[in-house]
Peer 1: 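There's a structure below that I have some questions on.
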Amino acid sequence: MRPGAVILGVADPYEWIEVTVKIRRKKPLPEWKAGGMGVMTKEQLAAEYGADPADMEKVKSVLGSFGLRVLRELQAAGSIRVGGQAQVMESVFGVRLFHYAHASGNYRGRRGELHVPAELAGIVTGVFGLDNRKMVKRRPLRRRPLELATQAPADRSWFFPAELATIYAFPEGNGQGQTVGLLEFGGGFFSDDLATFCQDASVAVPTVRTVSVNNTPTNQRDGAEGEVMLDVEVVAGVCPAATIVVYFSTFDENGWVDAVDQAVHDQQNPLSVVSISWGYAEDAAGAWSSGALDAINETLQAAALIGVTICVAAGDDGSDDGVGDGHAHVDFPSSSPYVLAVGGTTLQQSASGAITETAWKDGDGLRKDNGGSTGGGVSTYFARPTWQNVNTESVNPGSIEGRVVPDVAADASANTGYWTVADGQGGVAGGTSAAAPLWASLVARINAVSGGPVGYLSPLLYGAGPNGQTLGQTGCQDITSGNNDTAAIGGYSAGPGYDAVSGWGAPIGNSLASGLKK
């Protein structure tokens with residue numbers, strides 16, 4: 001039960017509930033090894049590491065015998081979605097379901113340890129959807145009138161995405177031939193807003209496809225549509241010739257599991273890069289379950305194996321990550337070792353064109369106080385991968401030697417942020433939720449000019465690059481000042497080389513592309 005929640009009552013026995021059942025793979029996914037990790041096809045992944053068809057059939061048969069209806073199955077991801085009445089779900093999985101009231105939103109939750117039918121012991125690895133508590137959302141955009149889009153660069157502090165691509169020396173191009181995925185957990189896509197943005201930014205209108213995961217609406221005006229349009233418009237501004245596929249899902253564990261599965265294993269849309277601008281502290285009380293962390297992380301590992309780069313925002317509340325318990329936290333899924341975790345900077349350009357860039361921290365660094373700062377720190381859940389050979393220690397006493405985030409960074413301050421259009425109105429937005437799709441756009445451009453996918457980029461940044469340096473050092477501009485100290489226990493500071501505030505730094509796109517060719 002989420003802290004502070006109050007029971008409203010038992011679930012209606014006839015309430016319709018849909019859950020996703022995860023099934024064991026034929027064999028565990030292999031770990032990445034430097035110099036020995038080739039990219040496999042989706043077909044190879046499914047054949048060698050997907051669920052055994054016999055296991056899939058047995059799960060469907062057993063659950064069907066209880067009266068649950070099979071709605072969808074995905075053998076490559078080892079998942080089956082089933083639906084049924086609440087009373088049947090309680091009987092099958094040995095739990096009691098209740099409805100709760102909470103300040104963050106009412107939800108359905110369970111009591112009792114989850115069990116699976118004896119015939120499925122060892123086959124089923126997770127069940128998601130009985131509990132549908134919501135995760136925290138991203139902050140609203142700061143709005144400004146549309147006519148400000150006509151300001152000359154010297155008269156404004158914000159940027160069109162293409163201007164940042166130039167500042168960061170992205171390879172020339174428009175993303176031709178690339179398909180970029182965006183995961184969204186609220187809001188909607190609106191073509192008229194995109195058309196206005198493209199007119200403001202003087203770029204062509206790209207092809208955008210929307211995908212509804214589990215029948216989630218793709219056109220909600222629930223306050224999160226600005227976040228969706230920011231993601232779409234950052235990519236559109238840098239890669240207008242790319243195809244953008246926007247996956248909409250629910251902001252709960254089940255929605256996360258299914259959205260990541262569907263995007264990574266999508267057979268209709270050949271994604272080369274995915275951007276995720278949402279997340280939640282990996283170890284916040286009443287948030288992620290270990291089952292969800294493991295299931296999502298495993299699919300992100302699958303993405304690495306098939307050469308899909310996953311760019312994830314590192315969070316916008318500094319070392320506190322919006323938890324407020326005094327300890328330092330990092331955001332998931334940016335803390336997964338299989339993603340490119342993207343932090344934030346404050347980038348300022350003078351009238352003469354001179355650039356200064358520091359770690360992002362506005363105000364006290366907390367969104368609740370109308371500030372914000374880059375996420376970053378040391379995971380308490382995921383061990384530090386062997387390729388991440390850095391000496392960063394957690395500020396939390398007794399912490400494990402965990403995965404360190406972020407890997408890289410880019411402009412994120414709303415004061416020096418990105419022009420965007422939502423609900424017919426222009427605005428300037430920031431956050432690592434803008435920096436992540438910018439990095440995804442860089443990856444798409446590199447893919448387009450190199451003729452192949454960048455793939456699992458994170459370990460390459462820590463490996464050998466030109467001139468005896470790491471690729472991160474040669475492919476990124478080092479950010480050496482600023483901090484993300486927002487937790488009572490402390491935070492992290494930028495400095496020479498890698499740090500847990502800006503990672504290796506902001507992109508030097510052409511240098512990164514050249515280093516990847518070697």
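We're numbering straight along the sequence, starting at 1. Not measured: the values here are computed from a predicted model.
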Peer 1: Is the closest side-chain heavy-atom distance between Arg209 and Ile244 below 4.5 Å?
Peer 2: no
Peer 1: Are the ring centres of Trp32 and Tyr338 closer than 6.0 Å?
Peer 2: no
Peer 1: Thinking salt bridges, do Arg403 and Asp407 make one under a 4.0 Å N-O criterion?
Peer 2: yes
Peer 1: Apply the test side chain to side chain contact (heavy atoms under 4.5 Å, CB included) to residues Trp288 and Trp256: give CA-CA distance (whole Å), side-chain angles for both, the deciding distance (0.1 Å), then the verdict.
Peer 2: CA-CA 10 Å; Trp288 299 106; Trp256 271 96; 3.6 Å; yes
Peer 1: What pair of heavy atoms forms the shortest contact from Gln176 to Ala241, and how long is it?
Peer 2: OE1-CB, 3.4 Å
Peer 1: Asp258 and side chain to side chain contact (heavy atoms under 4.5 Å, CB included): which partner among Val213, Thr216, Thr299, Thr250?
Peer 2: Val213
Peer 1: Ignoring hydrogens and geometry, is there a side-chain-to-backbone donor-acceptor pair from Thr432 to Gly315 under 3.5 Å?
Peer 2: yes
Peer 1: Can you name the closest pair of heavy atoms from Cys239 and Arg445 and give their distance?
Peer 2: SG-CG, 3.8 Å
Peer 1: Could you check whether the rings of Phe170 and Tyr168 sit parallel, tilted or perpendicular, using 30° and 60° as the cut-offs?
Peer 2: parallel
Peer 1: Would the Phe332 and Phe382 ring centres measure less than 6.0 Å apart?
Peer 2: yes
Peer 1: So does Ala224 get a backbone contact from the side chain of Glu227, meaning a donor-acceptor N/O pair under 3.5 Å?
Peer 2: no
Peer 1: When you compare the side chains of Asp266 and Tyr247, does any donor N or O come within less than 3.5 Å of an acceptor on the partner?
Peer 2: yes
Peer 1: By the definition salt bridge (Lys or Arg N to Asp or Glu O under 4.0 Å), identify the one residue from Asp320, Asp321, Asp317, Asp362 that meets it with Arg367.
Peer 2: Asp317
Peer 1: Between Trp278 and Phe185, what is the ring plane arrangement, given parallel below 30°, perpendicular above 60°, and tilted in between?
Peer 2: perpendicular
Peer 1: In terms of side-chain heavy atoms, does Thr374 have a donor or acceptor partner in Asn484 at a distance below 3.5 Å?
Peer 2: no
Peer 1: Closest approach of Asp331 and Ala314, non-hydrogen atoms and distance?
Peer 2: CB-O, 3.5 Å
Peer 1: Would you say the side chain of Val246 lies within less than 4.5 Å of the side chain of Thr218, judging by non-hydrogen atoms?
Peer 2: no
Peer 1: For the residue pair Ser335 and Glu282, confirm or rule out a side-chain donor-acceptor distance under 3.5 Å.
Peer 2: yes
Peer 1: May I ask you to check whether Thr166 and Glu163 show a side-chain donor-acceptor distance below 3.5 Å?
Peer 2: no
Peer 1: May I ask you to say whether Asp252 pairs ionically with Arg133, meaning some side-chain N is under 4.0 Å from a carboxylate O?
Peer 2: no
